[in-house]
Amino acid sequence: MAPPASNRLYQHGPNSSDPPERSLPVALRALKHRNFQLFFAGQLISLIGTWMQSVAQSWLVYKLTGSSLKLGAVGFASQIPVFLAAPVGGIVADRCNRHRVVIGTQIASMILAFILAALTLTHVITVREIFVLAALLGIVNAFDIPGRQSFLVEMVGREDLMNAIALNSSMFNGARIIGPAIAGILVARIGEGWCFFANAVSYIAVIIGLVMMRVPPRELRPAGPPLAHIIEGFRWVRNTAPIRALLMLLGLVSLVAMPYTVLMPIFADRILHGGARGLGILMGATGVGALLGALTLAARTGVRGLGRWVTFACAGFSITLIAFAFSHNFWLSTALLVPVGFCMMLQMSSSNTLIQAMVPDYLRGRVMAVYSMMFMGMAPFGALLGGALADRLGAPVTLSMGAVACLGGAAIFGVRLPKIRGEARRLIIAQEMVGGEPAQEMTARVVED
């Protein structure tokens with residue numbers, strides 16, 4: 001008897017050079033694919049540089065202005081292009097070669113990092129240049145995020161997609177631990193410019209890895225009016241209750257709670273008195289928790305229970321963020337940021353996994369563009385709002401207000417979960433995506449514990 005379809009997919013990845021089986025732990029199974037190995041190695045190096053630049057840029061803006069409003073405004077400038085341009089990025093990911101799209105966005109990001117480093121090291125940088133470069137990087141990200149998220153399935157196939165998403169998040173947050181720690185030391189000793197230069201150089205690794213990939217051609221749908229294709233993606237999201245609910249909760253968290261990262265220099269300096277080095281430690285603590293959350297998801301072999309994970313993770317994120325907001329002890333605050341990062345990443349990665357499990361491939365780029373709009377696109381509004389409120393009410397009150405709103409969102413999502421579970425199950429079965437579970441379990445309650 002032939003093995004079930006899901007087992008055949010598990011045995012043979014999308015790359016013809018991949019061996020049928022490799023003795024890898026379950027949590028690392030996506031690494032059996034050569035393309036994902038190259039992607040993973042290059043991205044790990046590059047993301048360390050990205051986090052170094054993020055921390056150094058926040059500290060540079062704070063040093064130049066001393067204003068929480070300006071911190072929020074730079075965050076707005078860097079992420080609002082994602083909200084505005086992600087739909088175009090999504091249609092590009094669906095209609096063009098995703099491999100080439102990702103190579104192009106990485107090259108553009110490298111060029112922008114070199115420019116920022118040059119301006120800073122020559123001591124001509126001002127807040128105006130930071131705004132412009134942040135906005136340009138946001139435009140690049142509007143194409144990079146949908147393209148990169150959609151490209152994952154081409155590297156590993158549907159059977160290992162869940163694990164690839166989790167490992168991608170693990171890599172992102174492993175870099176989040178190392179990058180801020182290095183940035184805190186470099187900023188204190190030799191300045192922000194060298195952090196920007198290191199980030200620019202780090203892009204070389206991921207570009208080399210991408211160029212070395214062997215990606216089979218993907219069947220592209222006939223081209224049509226771009227606007228009609230964009231509208232098709234939005235309409236599908238609007239009419240699909242499970243995905244709509246996941247994205248609305250994600251957008252709420254990004255709007256009212258994620259600005260805690262923008263306000264972190266305020267907590268590090270004025271409240272916890274840790275300076276640039278303390279900022280690196282705080283961001284690293286968040287990264288430790290987020291890495292643990294991503295690894296927890298990587299150890300799973302199916303999507304069952306992820307709906308409830310989203311609910312409880314969002315609630316846990318809110319509660320621990322409230323505790324952090326009112327802590328005045330540096331090491332207590334550092335400890336609290338570990339569960340903050342853990343719960344945040346568990347919600348984000350679980351939502352991403354469920355959405356990618358339900359979406360058909362021909363819509364993947366456009367749906368991931370909407371995901372980008374909710375995840376990153378709402379953040380600039382939150383950064384601007386958070387910065388303005390922090391100037392008036394203080395950072396702790398601003399942060400706690402947002403966390404309370406997220407707690408309410410988690411409660412509403414939990415109440416609605418039983419009503420959308422059936423449709424989610426049907427969508428996952430339709431896509432033959434159960435993360436490697438036996439075929440007979442495709443009819444199980446895959447979003448229930």
Side-chain angles (χ1 to χ4, degrees), residues 50-83 112-139 141 179-180 183-200 255-283 286 325 330 333 376 379-399 401-402:
T50 298
W51 276 108
M52 289 172 61
Q53 175 164 313
S54 177
V55 173
Q57 180 175 285
S58 294
W59 188 256
L60 180 59
V61 172
Y62 179 68
K63 186 173 72 174
L64 291 174
T65 67
S67 168
S68 58
L69 180 59
K70 289 289 178 63
L71 279 170
V74 171
F76 183 87
S78 68
Q79 294 175 321
I80 188 61
V82 176
F83 184 81
L112 292 174
F114 271 124
I115 294 172
L116 181 59
L119 292 175
T120 306
L121 291 171
T122 55
H123 305 290
V124 297
I125 193 74
T126 66
V127 175
R128 180 178 298 176
E129 283 84 21
I130 296 174
F131 268 94
V132 171
L133 291 171
L136 290 174
L137 184 60
I139 294 172
N141 285 334
I185 296 171
L186 289 183
V187 168
R189 294 190 176 182
I190 57 177
E192 299 84 1
W194 290 108
C195 289
F196 303 147
F197 180 78
N199 178 45
L255 178 65
V256 301
M258 289 304 289
Y260 86 90
T261 58
V262 175
L263 298 176
M264 198 60 71
I266 306 296
F267 282 94
D269 187 52
R270 297 182 188 174
I271 298 173
L272 302 173
H273 310 293
R277 186 177 181 185
L279 176 61
I281 293 172
L282 291 171
M283 296 295 289
T286 308
F330 180 82
S333 296
M376 285 191 67
F381 298 102
L384 197 61
L385 178 63
L389 287 176
D391 262 354
R392 292 177 174 269
L393 304 176
V397 173
T398 301
L399 207 58
M401 288 170 58

Test of ring centre spacing under 6.0 Å for Phe83 and Phe381: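 Yes.
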What closest approach, in Å, do [X] and [Y] show between heavy atoms, and which atom pair accounts for it?
X	Y	value
Ser58	Pro265	CB-CG, 4.0 Å
Ile271	Ala395	CD1-CB, 4.5 Å
Ala390	Leu263	CB-CD2, 3.8 Å
Ala325	Pro396	O-CB, 3.1 Å

To the nearest 0.5 angstrom, please state how far the [atom1] atom of [X] sits from the [atom2] atom of [Y].
X	Y	atom1	atom2	result
Leu282	Phe330	CG	CZ	4.5 Å
Leu272	Phe267	CG	CZ	7.5 Å
Ile130	Ser78	CD1	OG	11.5 Å
Met401	Leu393	CE	CG	6.0 Å
Ser54	Trp59	OG	CH2	14.0 Å
Ile139	Leu112	CD1	CG	9.5 Å

Please examine the side chains of [Y] and [X], heavy atoms only from C-beta on, and report whether any two atoms are closer than 4.5 Å.
X	Y	result
Leu136	Ile115	no
Leu279	Tyr62	no
Val55	Cys195	no
Phe196	Gln57	yes
Ile125	Leu116	yes

Counting distance only, does the side-chain N/O of [X] pair as donor-acceptor with the main-chain N or O of [Y] below 3.5 Å?
X	Y	result
Asn199	Ala113	no
Thr398	Gly394	yes
Gln53	Thr50	no

Pair listing, salt bridge (charged side-chain N to carboxylate O under 4.0 Å, His left out) test, anchored in residues 55-65, at least two apart: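 Qualifying pairs, neighbours excluded: Lys63-Glu192.
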